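Right, one structure below, let's go through it.
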2 protein chains.
Amino acid sequence: MSSKRDDLLRAAKKLLWERGYEATSPRDIQEASGAGQGSFYHHFEGKLALAVAALEEVSAEMCASATGLLDADASGRDRVTRYLLQTRDGLKGCRLGRFAGDAAINEPELRAPIERYFSVLERYLAKALSDAQRAGELTSKCKPKDLATMLVAIVQGGFVLSRIHRDKDAINRATAAGLALLSEATKRT
Amino acid sequence: MSSKRDDLLRAAKKLLWERGYEATSPRDIQEASGAGQGSFYHHFEGKLALAVAALEEVSAEMCASATGLLDADASGRDRVTRYLLQTRDGLKGCRLGRFAGDAAINEPELRAPIERYFSVLERYLAKALSDAQRAGELTSKCKPKDLATMLVAIVQGGFVLSRIHRDKDAINRATAAGLALLSEATKRT
DNA sequence: GTCTATAACGTGATAGAC
DNA sequence: GTCTATCACGTTATAGAC
């Protein structure tokens, strides 16, 4: 149906990823989408409403990806490994975590889809870690929930360091080290 | 001497921390400092130049703090612990890491002082970890440099998660878990 | 060195034709 | 549903008096 609406959403998702909320103007989105002022304000109440709709889609996509990796049939240990060893392009940054420093994070409507993703991710990761502990694949005495928070922090902080150092692999070194340390907290047989 | 210059710098450091570069206008800084347009453009070429001067001061302060914690006389293990167990207010965010997602990070002049701090921090942390390995206080086989990157990522990612969840202690749980995992990779006597 | 006045431009939104 | 024209406001910077 409404092709222009989809075009606007697609452009918004792209530009919000690249530049964040503050640095993206409605005009930028109109130009990138090929839609005019009229379409923009016909389909959305304003910039914030469009950003909320865009981030809700991104959140749903990333939730699906994370649960796909973590919900599966493999052992707890393998699920955590699979999540951590995803290859990431650190220069692009996290499509949702990047908003932590954006002034827009203070808008409750915009923060909601972002927080939803991280809550899901941490819960699934904690479950996998808990399974790994019970299976004896992980002997750390840390609470699974705290370990999950720590692992997600490694990913998010990895993006930060990659962008600051202009080194796309900094994040991959950080997650690899996290996984290695986790392995070393594993019972040797 | 030039009190207005100092006032401007002080206000800029405060507002850049709270809001980032994009969301802080010269007007905001003028109002917060009590200085007028004239003083602003007399002392600085423009917004970017003031931000660079402000972040260079912040970078120097944070370098001094980090090296003070990590350079010291204690064992490698104790130095790492001391750094990680700093209590942090996650809601405020890192005064330098927060710019990773800001469009201004693309300005080389502004990125330079930020990167300088992280390079110093990671180097000192890697040295402490290396000392700990040689002293047998840490048995992990990971490279100290990679572990340092991982630990700094935990801090930076902890800030991200604290701000997204509106939970000032998320970062402290993340760093505590990182330290615990590091301990578990330590030879039991 | 500091002030006020003003300019040029961009932003986010509205109006109304088609 | 989409377009173009326009608006009020804020931003970044300049001009010139004191």
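Convention: sequence-line order gives letters A, B, ...; per-chain numbering from 1. In this text, all values refer to a predicted model and were calculated from it rather than measured experimentally.
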Pairwise side-chain contact, B:Arg98 with B:Phe159, heavy-atom cut-off 4.5 Å (strictly under): no

Using a 4.0 Å heavy-atom cut-off, write out nucleotides 4-18 of chain D from 5' to 3' as B (base contacted by protein), S (sugar-phosphate only) or - (no contact). BB-----BBBB----

Please examine the side chains of A:Ile164 and B:Leu96, heavy atoms only from C-beta on, and report whether any two atoms are closer than 4.5 Å. no

Is it true that B:Glu122 and B:Thr149 share a donor-acceptor pair across their side chains at a distance under 3.5 Å? yes

Which whole-number value in Å describes the distance from B:His43 NE2 to C:dT2 C1'? 8 Å

Side chains of A:Ser119 and A:Arg123: donor-acceptor distance under 3.5 Å anywhere? no

Output yes when at least one side-chain N/O atom of B:His42 is less than 4.0 Å from OP1 or OP2 of C:dG1, else no. yes

Rounded interatomic separation in angstrom, taking CD from B:Glu31 and P from C:dT4: 12 Å

Which residues pass the side chain to side chain contact (heavy atoms under 4.5 Å, CB included) test with A:Ala74, sequence neighbours left out? A:Asp78, A:Arg79, A:Arg82

